[in-house]
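Remarks on the structure that follows.
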Amino acid sequence: MKPLLKFIKKIEPDKKKSPFLHTLFDGFFTFLYSPDSTTKGGVHIRDGMDLKRTMVMVVLAMQACYLLGTYNIGHQHFAAIGEHAGLFEGFHLKLAYGLIKLLPIFIVAHVVGLGIEFWYASKKGHAIEEGFLVTGALIPLIMPPDLPLWILAVSVAFAVIIGKEAFGGTGMNILNVALLCRVFVFFAYPTEISGDEVWIAGITKDENLGYMAENYDWLCGIADSIFGWFGWSQFGDGGALVVEGYTGATPLAIAAKDGWAEVTNKYSEANMIWGMIPGSIGETSKPLILLGAAILLITGIASWRVMLSMFIGAALVAMGMNAIAGFDTTSFLAVPWYAQFYMGSFFFAMAFMATDPVTAASTNTGKWIYGFMIGAVGMIVRVLNPAYPEGWMLAILFMNVFAPLIDHYVLEANIKKRLSRA
Amino acid sequence: MAEAAVQTKEPLFGKKERKLLIDPLNDNNPITVQVLGICSALAVTTLVFKALVMSIAVVFVCAFANLFTSLLRNSIPKQVRMIAQLVIIASLVTIVELVLKALNYPVYKELSVFIGLIITNCIVMGRLEAFAMANKPWRSFLDGIGNGLGYGLILIVVAILREIFGKGTLMAGSPVEMKLIGPNNEAEDIVYLINTAAESGIGSYFSWYANNNLMVLPASAMFVIGVLIWIQRSWNRKLVDIS
């Protein structure tokens, strides 16, 4: 490895002459090596688990969601037009289609977000902060697959500048940056991220023919020529009509309209649990999200208190709703409380969003309250508010704002308790 | 005799008077520096025309309230000065309300309660307390105009951004309405400068464009004002407190 280090040292740009290039260099250099600069004055705690390792661990925990999310984009597209209907039929087509949809989202999110991050780092004269690694990896997972890229770019820029840099950079943000990005799209361009038509990629509505597949673009053409070379099935031109009874509605949308029976009619519970349903890219598969959550818990990055209390909060509210639903089985209230957990994005919000250590409450008691309130508020928004089909994004952002207040009162209570003992 | 001597020393529109007019536009802006009058700034800035009418109303009320309070400042007892000031502001606001009702009823309906709420606008009351009660009428009048303009300037900048990005129009509701970007609707005779529904021409390059609905919501005015404050402070170093 010596020659590599030598080479890297040789190309190091001068800090004074080109601060931007040096910041850039420093950011990538510390991926490979520990920096050779020493701290001056004072004693510092040194730990192998620094910010960069923490962030990388979270990104690793998300990889399973990425894999299935990619495949699911293709699977939902072909299921809608009734081709390659089996789960593993047309495997290469589904994977290629998913990649063609996902990669541009991933690249745009990172180019815009990291660009802003690098620019601010060089302007403020400090090293690049790793905060965007996680944010940038989370953003594609919570977006619908057909989101226009310019909207994505605008929302990422908004989230990073207003949500993070305005507050002072990584670790200083009040709101979860990835969710802020999504909530911006949600309020600014609601037709792109809500309703029944956005969750399945590549389906458009023709005035005369109804829903049909879009024409496949040039990237699919390239993939086609490769597949043709192997003698595999190809995309073709597109334009196929959707199957009879097609609806792009997510289970939540159906449940809100017609109740639980209609949901199970359309999607089997196994599909809902494994994630073969329309939805945001990475939030559908529950076991793979729980795998990520397990990684986060074992490495001690995420707080089990937040996860557990969020589960309890949501479960209690859902049970209460079942109780007041009575015999009206068509209402959203009557959806069995355990089914509420695998219908939407509860687990994704629980594992990756609510546990964000920066925006969550930091006292242990505070974490219980914080998680419980997210669970309760999110479930209330999901079931009782007809305008918002899913509630976790809004509930988490809402409780993000309250987290410092919760911490404040937990501390005050502790001080009072100790004073009374004295 | 002494009065006349002072008059000759101070010109009618000297350096100090100019400062009264210019200062509230930047260094002492009522919205971005003093952070007053935010409530109406969030509410009326969806359309430029609304913001313009509101600004004119506030300039008028602020200037004349300052003038009348300054004229009466020596005869208002200290204990009831708030009530006396409120009476002056309220009568001026009533004049504005009646004039607007007569001239342009649709805009009056749009602005609705916010014209009436000029009474509670902290900028007006603040200037009366801070300036008019202790200064001569002419200067007070100028200070009122200056602060009204400072408020109006921010209002209009915010409104321009919000209307262009939120609705794709400029000055909608006024005689000089401009439709900038959006899909044409021939049935209702709506023609945009850049027609995003066009098959060819400039518009066809913008077929991806969609209006930003967030800009129509009051929350966006908060962001826009916040960013304006950010920009102003990074450019006017006088406003940055180093502590």
Side-chain angles (χ1 to χ4, degrees), chain A residues 104-105 108 116 119-120 123-125 144 146-169 172-175 177 179-195 197-198 204 207 214-215 217 387-388 393-394 397-398 401, chain B residues 32 35 38 42-43 45-46 158 161-169 180-187 194 196-199 202-235 237 239-243:
Chain A
I105 293 180
V108 167
I116 295 169
W119 189 71
Y120 269 99
K123 206 168 133 59
K124 289 178 181 166
D146 255 349
L147 190 74
L149 295 177
W150 72 275
I151 289 179
L152 181 74
V154 170
S155 61
V156 171
F158 173 85
V160 175
I161 294 174
I162 303 280
K164 195 152 112 188
E165 299 303 342
F167 287 99
M172 312 291 260
N173 46 314
I174 292 174
L175 300 170
V177 182
L179 281 181
L180 196 64
C181 179
R182 191 175 199 275
V183 90
F184 180 82
V185 185
F186 187 78
F187 283 111
Y189 306 99
T191 50
E192 303 293 347
I193 202 166
S194 51
E197 299 183 2
V198 299
T204 56
E207 272 168 32
E214 275 171 4
N215 288 336
D217 59 7
Y388 305 137
M393 169 178 69
L394 299 166
L397 287 173
F398 185 68
V401 178
Chain B
T32 59
V35 198
I38 292 294
L42 301 191
T45 48
T46 45
V158 174
L161 289 171
R162 283 184 71 186
E163 192 176 347
I164 290 179
F165 292 110
K167 294 211 162 91
T169 58
L180 296 178
I181 188 162
N184 280 1
N185 187 340
E186 264 135 44
I194 298 173
T196 54
E199 305 270 306
I202 310 173
S204 61
Y205 296 113
F206 286 94
S207 56
W208 45 268
Y209 184 81
N211 283 330
N212 189 326
N213 278 4
L214 189 66
M215 282 300 198
V216 184
L217 303 175
S220 74
M222 206 79 217
F223 296 131
V224 175
I225 291 176
V227 171
L228 282 182
I229 292 177
W230 191 356
I231 293 171
Q232 193 194 8
R233 292 192 185 211
S234 59
W235 153 68
R237 305 308 296 190
L239 298 175
V240 185
D241 14 285
I242 297 147
S243 52

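The chains referred to below are lettered A, B, ... by the order of the sequence lines, with proteins before strands, and numbering in each begins at 1. Side chains are part of it too, since the values below use all heavy atoms of this structure and drop only hydrogens, waters and symmetry mates.
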Quick check on A:F158 against chain B: is it the side chain, the backbone, both or neither that has a heavy atom closer than 4.5 Å? side chain
Counting only heavy atoms closer than 4.5 Å, note whether B:V216 contacts chain A via side chain, backbone, both or neither. neither
Please check if atom NZ in A:K123 has more than 12 non-hydrogen atoms from other residues, nucleotides or ligands closer than 6.0 Å. no
By a 4.5 Å heavy-atom criterion (distance strictly below it), what part of B:F223 contacts chain A: side chain, backbone, both, or neither? side chain
Are any of the side-chain heavy atoms of A:Y189 and B:N213 separated by less than 4.5 Å? no
Just checking B:W208: does its CH2 atom have more than 12 heavy atoms from other residues, nucleotides or ligands closer to it than 6.0 angstrom? yes
